[in-house]
Amino acid sequence: MTRALDSAVTYGQHSIWTLQRLEPGLCTFNGMHAVSVDEPLDREAFARAVAGLVGRHEAMRTVFPADARSGLPVPRVLDRVDVPIEWHATNDDTDALLARLWADGQRPYDLDRGPLTRISVYVRPSGEQVVLLAMHHVTSDLGSARLALEELEARYRAIVTGQPDPFPPLRVQYREFAASQHEMLESPAGQRHEDYWRTQLGDGFAALAMPYDRQRPPLEVRRGDTWLFDLPASLITRLESRAREANGTLFPLLLASLATVLHRVSGSAPIMMGSYSSGRVRAELKTMVGLISNPLPVRVDLSPGQSFLELTRAVSATVRAGYRHQVYPLHLMAERLQTSHDPSRPPLIQAGLNLHPEGPWQLTDATWRHNAWLPILLRNQEGQFELMASVCLRRDGSALVGLQYQTALYNRDTIGHLAKLWTTALDDIAAHADRTVDTVRLMSAEDEHRVLVEWNRTERAYERDLGLHELVRRQSLATPDGIAVRHRDQSVTYRQLMARVDEITVPLRRMGATLGTVIGICLDPSIDQVAALVAILEVGGAYLPLDPTHPLERRRLMLTDARAAILVASRQTGADLEGVPRLDIDVLPPIDAAA
């Protein structure tokens, strides 16, 4: 960067802080995690446990005002932060409570003053209590949420049973981690990491070109939603077996399968996929709350005829190499590589996948459970990427999948269809070891039959002896007051349309129009244009459409080449088309159109 960051701020924090300052109401970086507690919580003991948690971790007591001169974030670690704990009695069923938890976690934060952590407890009639831990991403990540919930549970248990504090002070706080990142970047190790990522990211991949539902906004809109669906345990088991055949694990296979689907849908290759690495490569980082995780780009090179197992092996190797360099802040690399970054797209990574084994979320006390609230985990930080799949493995072997998407680009049913394509591809990969990138099946046999056969049954028993003008006139007799043509803010009925047609056919016949006469028509889109086309057919002529926006010489050439005998035009559109008798549509009385 050209400006010097405070050594207590990491590059990941600076990137998130900047985006949040640009759009203060943005909820993309709101993290939230929920657990169920199957016992009544002692409110005083719970509050003491929260205070102990926050007191131990400086990151949970840090706020980020801007420096008055540089405009850069200057972190301030507060001596004390009273994290708000809100208690709510609720009769909501699970779905309604999920929606309420989500809305609770979406409330905006004040980065200047904090606090950047909130806790809500929802008490249900059954006695179950749902604890929602909400933290801004600038001070936390997924690993931090797990640590915080584990520590909160253990602290609470120690307090209610009269045991001593089970957690010693941290040997390293977050500001020291941030300072070590800056030191690493100036060291030979930092240069080696940078060289690796420059090789991986510096050339040869274009932006993912998906068939979007709407035009891309000029500036990226980081607002999203999530499509949730299940993968059965039997499928996960078969996919794990297939991954072992490629000397890999489930994660690279899932990543390769999603890249294959995106490649087949978009035609893009190679594709820069992404995930998140924990970044907790040192022992002292494994017990620290703070933003330590790092985006991990994975370049996926796809080619026709490539075996899917070969692709999975290649992705596995790329992922392993990337993990060896995961400590380099990719936010900094994106800035250094993309001096002309397209502001309508996320830097470097547009699509990706995260895999969450449920094991780390099963807290040590059996009364604290995460299971029912996995959708909250999967919806975390929607909108950071155009597409991001989060796969959470359940203890029964099945998986809950959340396909996050940016709502400025995709409709919800489009993402539902994409999820179906991916599920079909996974079924096919699990069943057939010999599939190639271009032969992995994306549509079920039933869907293929629907598209190729049912939707292609377009045959109709048309009346072949009637012309278009005769069909229009017959319709005008059947529904004379029905709307025949709409143009902008005007419309005409069939009765009005045929009256206009008659007004045009009379002068055409006087000008010699008869069976086979070629008649040019050069009019702007309008009701008169439709009436003129029907009138030409009524007199037995053949119409020659001329676009008024085309070059004059082209229109003259078309009239000459087609040997047009008459031209229907307006004064403006036919002014320079000499040499052909012209019916000036402007001499007719104004059409009787209804506004």
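Below, all heavy atoms of this structure are taken into account, side chains as well, without hydrogens, waters or symmetry copies. Predicted model, so just to flag it, every value in this text is computed and none were measured.
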Legend entry - His14 to Pro73 - nearest heavy-atom pair and separation: CD2-CD, 3.6 Å
Inset, instruction - Check whether any side-chain heavy atom of Pro329 lies under 4.5 Å from a side-chain heavy atom of Gln181, and answer yes or no. - result: yes
Legend entry - Point-to-point distance, once rounded to the nearest 0.5 Å, from CD of Gln406 to CZ of Arg222: 7.0 Å
Inset, instruction - Evaluate side-chain contact (heavy atoms from CB on, under 4.5 Å) for Leu147 paired with Met288, printing each intermediate quantity in order. - result: CA-CA 8 Å; Leu147 287 169; Met288 180 197 298; 5.6 Å; no
Legend entry - Nearest-0.5 Å distance, CG of residue Asp104 to CG of residue Leu132: 5.0 Å
Legend entry - Check: Trp87 main-chain N/O paired with Arg43 side-chain donor or acceptor under 3.5 Å: no
Legend entry - Nearest heavy-atom neighbours spanning Pro295 and Leu330: O-CG, 3.4 Å
Inset, instruction - Using a strict 4.0 Å threshold on nitrogen-to-oxygen distance, state whether Arg412 and Asp213 make a salt bridge. - result: no
Inset, instruction - Determine the interplanar angle of the His88 and Tyr122 rings, folded into 0 to 90°, and report it as parallel if under 30°, tilted if 30 to 60°, perpendicular if over 60°. - result: parallel
Legend entry - Nearest heavy-atom neighbours spanning Ala389 and Leu258: CB-CD2, 4.0 Å
Inset, instruction - Determine whether Arg21 and Asp112 make a side-chain contact, defined as any pair of heavy atoms from C-beta on separated by less than 4.5 Å. - result: yes
Legend entry - Flag if over 12 foreign heavy atoms under 6.0 Å of CG, Asp413: yes
Inset, instruction - Verify the neighbour count for atom CZ of Arg61: are there more than 12 heavy atoms of other residues, nucleotides or ligands below 6.0 Å? - result: yes
Legend entry - Gln173 side chain vs Glu58 backbone, donor-acceptor pair below 3.5 Å: yes
Legend entry - Lys/Arg N to Asp/Glu carboxylate O, Arg280 vs Asp141, below 4.0 Å: yes
Legend entry - Lys/Arg N to Asp/Glu carboxylate O, Glu176 vs Arg282, below 4.0 Å: no
Inset, instruction - Verify, without hydrogens or angle tests, whether Arg124 (side chain) and Asp92 (backbone) share a donor-acceptor contact under 3.5 angstrom. - result: yes
Inset, instruction - Run the numbers on Leu442 and Thr424 for side-chain contact (heavy atoms from CB on, under 4.5 Å), then give the verdict. - result: CA-CA 5 Å; Leu442 302 188; Thr424 303; 5.7 Å; no
Legend entry - Contact check, side chains of Met273 and Val315, non-hydrogen atoms, under 4.5 Å: no
Inset, instruction - Work out which heavy atom in Ala431 is nearest to a heavy atom in Arg238; give both atom names and the distance. - result: N-NH1, 4.2 Å
Legend entry - Evaluation steps, side-chain contact (heavy atoms from CB on, under 4.5 Å), between Leu387 and Met210: CA-CA 10 Å; Leu387 283 170; Met210 292 289 286; 4.3 Å; yes
Inset, instruction - Indicate yes or no: at least one non-hydrogen side-chain atom of Phe46 is less than 4.5 angstrom from one of Leu152. - result: yes
Inset, instruction - Starting at CG of Leu332, measure out to NE2 of His193 and round the result to the nearest 0.5 Å. - result: 13.0 Å
Legend entry - side-chain hydrogen bond (donor to acceptor under 3.5 Å, both in side chains) against Ser398, all qualifying residues, sequence neighbours excluded: Arg394, Asp396
Legend entry - Check: Tyr174/Thr10 side-chain N/O donor and acceptor closer than 3.5 Å: yes
Inset, instruction - Determine whether more than 12 heavy atoms belonging to other residues, nucleotides or ligands lie under 6.0 Å from atom CZ of Arg76. - result: no
Legend entry - Tyr109 (side chain) donor-acceptor with Asn30 (main chain) under 3.5 angstrom: no
Inset, instruction - State, with a plain yes or no, whether a side-chain heavy atom of Val131 is found less than 4.5 Å away from one of Leu41. - result: yes
Legend entry - Heavy-atom donor-acceptor pair, Gln129 side chain to Val123 backbone, under 3.5 Å: no
Inset, instruction - Test side-chain hydrogen bond (donor to acceptor under 3.5 Å, both in side chains) on His57 and Glu151 and set out the steps. - result: CA-CA 11 Å; His57 297 275; Glu151 184 172 330; 2.9 Å; yes
Inset, instruction - Could you pull out the closest heavy-atom pair between Thr249 and Ala243, with the gap in Å? - result: O-CB, 3.3 Å
Inset, instruction - For the pair Ser275 (side chain) and Leu296 (backbone), establish whether a donor and an acceptor sit closer than 3.5 Å, ignoring hydrogens and angles. - result: no
Inset, instruction - Report the C-alpha separation of Ser278 and Lys286 in whole Å, then their side-chain angles, then the decisive distance to 0.1 Å, and conclude whether the side-chain contact (heavy atoms from CB on, under 4.5 Å) test is met. - result: CA-CA 9 Å; Ser278 73; Lys286 297 184 185 301; over 6 Å; no
Inset, instruction - Count the heavy atoms of every other residue, nucleotide or ligand shown that sit under 6.0 Å from CZ of Arg264, and state whether that count exceeds 12. - result: yes
Inset, instruction - Report, as yes or no, whether the 6.0 Å neighbourhood of atom CZ on Arg80 holds more than 12 heavy atoms from other residues, nucleotides or ligands. - result: no
Legend entry - For the student: nearest non-hydrogen atoms of Pro164 and Ala158, plus distance: O-CB, 3.8 Å
Inset, instruction - Verify, without hydrogens or angle tests, whether Gln350 (side chain) and Leu208 (backbone) share a donor-acceptor contact under 3.5 angstrom. - result: yes
Legend entry - Note: Arg157-Glu39 ion pair, threshold 4.0 Å (strictly below): yes
Legend entry - Arg441 and Asp427 ion-paired at < 4.0 Å: no
Inset, instruction - Using a 4.5 Å cut-off on heavy atoms from C-beta on, say whether the side chain of Asn411 contacts that of Arg214. - result: yes
Legend entry - Close side-chain approach of Arg299 to Leu201, heavy-atom, < 4.5 Å: no
Inset, instruction - Starting at OG of Ser234, measure out to CG of Leu239 and round the result to the nearest 0.5 Å. - result: 9.5 Å
Inset, instruction - Would you check if the side chain of Ser277 reaches a backbone N or O of Tyr323 as a donor-acceptor pair within less than 3.5 Å? - result: no
Legend entry - Name of the residue among Tyr410, Tyr212, Tyr405 meeting side chain to side chain donor-acceptor pair (under 3.5 Å) with Glu386: Tyr212
Inset, instruction - Quick one: pull up CG in Leu348 and NE2 in His331 and give me the separation to the nearest 0.5 Å. - result: 10.0 Å
Inset, instruction - Check for a donor-acceptor pair, side chain of Glu284 on one end and backbone N or O of Thr287 on the other, with a separation under 3.5 Å. - result: no
Legend entry - Flag, side chain of Thr312 to backbone of Leu253, donor-acceptor distance under 3.5 Å: no
Legend entry - Parallel, tilted or perpendicular, as decided by the 30° and 60° cut-offs, for the rings of Tyr11 and His182: tilted
Legend entry - Between CZ on residue Phe29 and NE2 on residue His136, distance to nearest 0.5 Å: 7.0 Å
Legend entry - Non-hydrogen side-chain atoms of Val83 and Val81 separated by less than 4.5 Å: yes
